[in-house]
Enquirer: 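Okay, here's the structure, questions in a sec.
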There are 2 protein chains.
Amino acid sequence: MARQVAERSDTIPALANVFRTYGFDGASLAVITEHTGLGKGSLYNFFPRGKEEMAEAVLDEVDGWFRSEVFEPLRAESVPPRQRIQSMFATAGDYFRSGQRICLFGAFALGEERNRFGARVRTYFDEWTAALEAALVGAEDSIGLAEEAVAGIQGAIVMSRALDDGAVYSRVTTRLEDRLVQALTP
Amino acid sequence: MARQVAERSDTIPALANVFRTYGFDGASLAVITEHTGLGKGSLYNFFPRGKEEMAEAVLDEVDGWFRSEVFEPLRAESVPPRQRIQSMFATAGDYFRSGQRICLFGAFALGEERNRFGARVRTYFDEWTAALEAALVGAEDSIGLAEEAVAGIQGAIVMSRALDDGAVYSRVTTRLEDRLVQALTP
DNA sequence: GTCTATACAGTGATAGAC
DNA sequence: GTCTATCACTGTATAGAC
């Protein structure tokens with residue numbers, strides 16, 4: 001598929017797709033060339049340090065998206081906590097397409113990619129958990145609940161991918177959402 | 001590290017280690033040679049179809065282990081359900097070393113390895129969930145609970161790897177265990 | 001900025017000596 | 001059964017034309 005490319009950031013969505021599908025090792029420059037529509041020369045022009053820089057750019061982009069679309073809304077004190085939490089599950093479900101789309105940070109945490117990008121991976125999970133904990137105001141053991149929910153979403157992705165069944169993701173995350181909302185109003 | 005090798009099965013633990021650490025793509029024959037102490041000639045003597053056959057053998061071995069050590073005990077009707085479930089969490093926690101050791105099937109579910117080994121991955125999760133459900137006799141929504149627990153364990157592995165903190169695994173799985181035991185005795 | 005050509009290390013796999 | 005040598009190929013990365 002040819003793509004209209006004018007600047008570096010235009011390639012990020014395609015690169016994200018490639019790394020999600022093939023992992024860091026499996027994403028060969030041949031595959032990247034095909035999916036971005038850019039030759040090696042152009043790619044090295046945008047990303048002088050090669051594949052590693054491409055992956056870093058993708059992780060930064062995804063992290064930025066979660067920051068503005070998930071983490072910050074979780075801390076928006078003008079919105080009722082219950083609504084913030086429900087929005088988080090809705091947004092995450094859309095993003096991960098009910099488990100049909102994997103979490104790059106989760107996959108990199110399991111794979112050998114953790115050696116290269118461990119700091120970014122850790123930050124992502126730390127921030128998500130902390131933001132969710134902030135939304136669980138007044139709930140008992142808000143830290144444990146937040147931790148369980150973030151881990152549960154990752155597990156839901158793993159399992160729905162394993163069974164190739166998006167319904168698993170929906171069922172598991174709905175249970176999590178119910179439990180968190182429940183904890184808010186004892 | 002040199003290894004005493006007499007037959008094919010002697011190589012499986014080392015191979016499992018390699019695939020867990022590097023993934024299927026990242027596990028080059030050079031790395032495999034190093035970790036098994038066997039040259040390519042010997043490896044291809046044991047596994048004529050090469051890397052793919054090695055990974056299949058590893059998955060079969062792990063699957064067999066879970067079958068006898070986890071799935072079957074979950075169905076042992078001579079043991080009280082509560083005890084079966086507690087044993088499962090204890091055994092899984094030991095096996096995954098509190099999240100320091102990843103689940104090959106979970107990692108393969110997220111990665112491109114799913115394309116090759118999807119059937120084995122699916123079976124593993126199906127059987128685990130079904131066996132756990134069988135142990136949740138009398139519990140309300142035993143299917144949903146079992147699904148949540150299996151997914152939760154996978155998520156606990158992802159997150160404790162991401163944060164490089166085995167305590168996360170322990171906390172998350174303890175919560176799951178408590179909830180399942182609770183559901184048994186309403 | 002994008003391409004093609006090229007370098008060259010590393011890949012999975014095979015053949016044949018021992 | 002294990003090794004070394006070698007195969008054809010693909011990997012990342014670079015150089016230079018346009």
Side-chain angles (χ1 to χ4, degrees), chain A residues 1-59 61 104 107-108 111-117, chain B residues 1-59 61 104 107-108 111-117:
Chain A
M1 160 183 57
R3 295 188 130 262
Q4 192 78 348
V5 173
E7 44 183 331
R8 184 184 130 129
S9 63
D10 292 342
T11 68
I12 303 289
L15 287 174
N17 242 319
V18 171
F19 286 122
R20 252 188 284 262
T21 306
Y22 299 96
F24 185 78
D25 273 25
S28 70
L29 288 185
V31 169
I32 293 173
T33 290
E34 184 186 346
H35 281 74
T36 56
L38 261 58
K40 296 182 193 181
S42 304
L43 289 170
Y44 275 89
N45 179 51
F46 287 141
F47 306 95
R49 295 197 342 273
K51 250 174 71 167
E52 182 141 352
E53 190 170 354
M54 299 180 207
E56 286 170 6
V58 167
L59 291 178
E61 198 277 339
L104 216 40
F108 279 20
E112 97 290 358
E113 294 94 339
R114 192 183 62 149
N115 297 326
R116 291 173 185 268
F117 310 109
Chain B
M1 163 182 55
R3 294 189 131 263
Q4 192 79 347
V5 173
E7 45 184 331
R8 183 184 130 129
S9 63
D10 292 342
T11 68
I12 304 288
L15 287 174
N17 241 320
V18 171
F19 285 122
R20 253 189 283 264
T21 306
Y22 299 95
F24 185 78
D25 273 24
S28 70
L29 287 187
V31 170
I32 293 174
T33 289
E34 184 187 347
H35 281 73
T36 57
L38 262 59
K40 295 183 191 181
S42 304
L43 288 170
Y44 274 89
N45 179 50
F46 287 140
F47 307 95
R49 295 197 342 273
K51 248 173 73 167
E52 181 141 353
E53 192 171 353
M54 298 181 209
E56 285 171 6
V58 167
L59 291 178
E61 198 276 339
L104 257 184
F108 279 20
E112 98 289 358
E113 294 94 339
R114 192 182 63 149
N115 298 326
R116 291 173 187 267
F117 310 109

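Just so it is clear: chains get the letters A, B, ... in the order the sequence lines come, proteins before strands, and each one is counted from 1. Excluded from the calculations below are hydrogen atoms, water molecules and symmetry mates; all remaining heavy atoms, backbone and side chain alike, are included.
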Enquirer: Please round to the nearest 0.5 Å and tell me the distance separating atom CZ of Phe108(A) and atom CZ of Arg116(A).
Expert: 9.5 Å
Enquirer: Round to the nearest Å and state the distance from Tyr44(B) atom OH to dA5(D) atom C1'.
Expert: 15 Å
Enquirer: At less than 4.0 Å, is any side-chain N or O atom of Lys51(B) found next to OP1 or OP2 of dG12(C)? Yes or no.
Expert: yes
Enquirer: Could you tell me the separation between the CZ atom of Phe46(B) and the P atom of dA13(C), rounded to a whole number of Å?
Expert: 17 Å
Enquirer: To the nearest Å, give me how far apart CG (Asn45(B)) and P (dA15(C)) are.
Expert: 14 Å
Enquirer: How many whole angstroms separate atom NZ of Lys40(A) from atom C1' of dA5(C)?
Expert: 10 Å
Enquirer: Rounded to whole angstroms, how far apart are OH on Tyr22(A) and P on dT10(D)?
Expert: 15 Å
Enquirer: Could you work out which one of dG12(C), dT2(C), dT12(D) sits closest to the side chain of Leu38(A)?
Expert: dT2(C)
Enquirer: Among residues two or more places apart or on two chains, list those pairs meeting salt bridge (Lys or Arg N to Asp or Glu O under 4.0 Å) that have a residue in residues 40-50 of chain B.
Expert: Arg49(B)-Glu53(B), Arg49(B)-Glu56(B)
Enquirer: Can you tell me how far CG of Asn17(A) sits from OH of Tyr22(A), rounded to the nearest 0.5 angstrom?
Expert: 9.5 Å
Enquirer: Measuring to OP1 and OP2 of dG1(D), would you say a side-chain N or O of Ser42(B) lies under 4.0 angstrom away?
Expert: no
Enquirer: Calculate the interatomic distance between Glu53(B) atom CD and dG12(C) atom C1'; express it in whole Å.
Expert: 14 Å
Enquirer: Are the side chains of Phe117(A) and Glu52(A) in touch, meaning some heavy atoms are under 4.5 Å apart?
Expert: yes
Enquirer: Here's a test of your reading of the structure: between Pro48(A) and Gly41(B), which maps to the more 5' nucleotide of DNA chain D?
Expert: Gly41(B)
Enquirer: For the pair made of CD1 in Ile32(A) and C1' in dT10(D), what is the distance, rounded to whole Å?
Expert: 14 Å
Enquirer: Expressed as a whole number of angstroms, how long is the span from Phe24(A):CZ to dG11(D):C1'?
Expert: 12 Å
Enquirer: Counting only side-chain nitrogens and oxygens, does Ser28(B) get under 4.0 Å of the OP1 or OP2 atom of dT11(C)?
Expert: yes
